[in-house]
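Side chains are part of it too, since the values below use all heavy atoms of this structure and drop only hydrogens, waters and symmetry mates. Bear in mind the structure is a predicted one, so any value in this text is a computation, not a measurement.
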Amino acid sequence: MTQTQYRQFACLSDNFGVIVHDPDSGTTVALDVPEAAPYLAVLNAEGWTLSDILITHHHWDHVGGLAELQKKTGARVVGPERTRQKLSEIELGVEDGDHIFCGPMKVKALATPGHTLDHVTWWFEDAGIAHTGDTLFALGCGRVFEGDPEMMWASLTHIMDTLPDDTVIFCGHEYTQANARFALTIDPDNADLQARARKIDELRANDTATLPTTMGLERATNPFLRADDPTIQKRLGLEGAALTDVFAEIRKRKDNA
């Protein structure tokens, strides 16, 4: 089997667009659509025909170009069932654990609410790729707008429990440099984080994207996934506290940073 291909590209001010392509079948999948033009440009440049559009949640900077892209390509649109009630373009709604097929590619929906109540993460199991939208960022996580910290921690735990370390992670935004600076205030003695922060600064100095990341790298360096780390708990004055409380404190500090 030919290896799955992907293209990542800038949208709006700091969003990412992502397209996944299976060379053998020609199946081509867009993940979220902040704006249509960059997607259409990539499809045209590659000579790919869009077959599916997968939506993570309803925020405008993830669906602003959906109607135009769907109209111009005729692609099937799949999203969370809650989002389907908001967006008429969505033809198929999914719940946690549902599988869909985009051509031969098997994709699993993981419910990951917290940022919004309708949020899902898309996992291309065989290809080893996931798109976590605005739930998990490189070295960060999304703000908790519609849910609560307990819900967001449960969603991040769901991602950690499900995705293998070698999973390639895409997400919605280029926030990594700011996230790294904050992470160092929570976990300053983490040698892996220190090295990663230096690499991120080099990438951004050259205007190079910091994504995709991997699940293993996030486990090792992302403080929002490390609420169980005794060193972090001690630094926060929360030794032995409930993990939801540790996570909530980290999220509160980031909100106020």
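Checked by atom type, the side-chain pair H62/D134 shows a donor-acceptor distance below 3.5 Å. Side-chain contact of T213 with E218: a donor-acceptor pair under 3.5 Å is present, judged by distance alone. A donor-acceptor pair shorter than 3.5 Å cannot be found between the side chains of T135 and S155.
Between R235 and T231, the closest side-chain pair of non-hydrogen atoms is not below 4.5 Å. At least one side-chain heavy atom of R143 sits less than 4.5 Å from a side-chain heavy atom of D255. Inter-residue side-chain proximity for D24 and P104 is flagged as unmet; no heavy-atom pair is nearer than 4.5 Å. Counting heavy atoms from C-beta outward, E146 and P113 have side chains that stay 4.5 Å or more apart. Side-chain contact between V120 and L54 is absent, with no heavy atoms from C-beta onward closer than 4.5 Å. A 4.5 Å side-chain heavy-atom check between V18 and D32 finds every atom pair outside the cut-off. The shortest side-chain heavy-atom distance between E174 and R204 falls under the 4.5 Å cut-off.
Classified by interplanar angle (parallel below 30°, tilted 30° to 60°, perpendicular above 60°), the ring pair H173/Y175 is parallel. H21 and W48 have parallel rings, their planes meeting at less than 30° on a 0 to 90° scale where 60° marks the start of perpendicular. Classification of the H57-H119 ring pair by plane angle, with boundaries at 30° and 60°, yields parallel.
Of all heavy-atom pairs between T244 and W153, the closest is CG2-CD1, 3.6 Å.
Put simply, the side chain of E35 never gets that close to the backbone of G64: no donor and acceptor are under 3.5 Å apart.
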Checklist line | Worked check of salt bridge (charged side-chain N to carboxylate O under 4.0 Å, His left out) between E249 and R253 | finding: CA-CA 6 Å; E249 177 63 21; R253 292 187 182 206; 2.8 Å; yes

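In this structure, CZ in F137 is found 7.5 Å from OG1 in T132, a value given to the nearest 0.5 Å.
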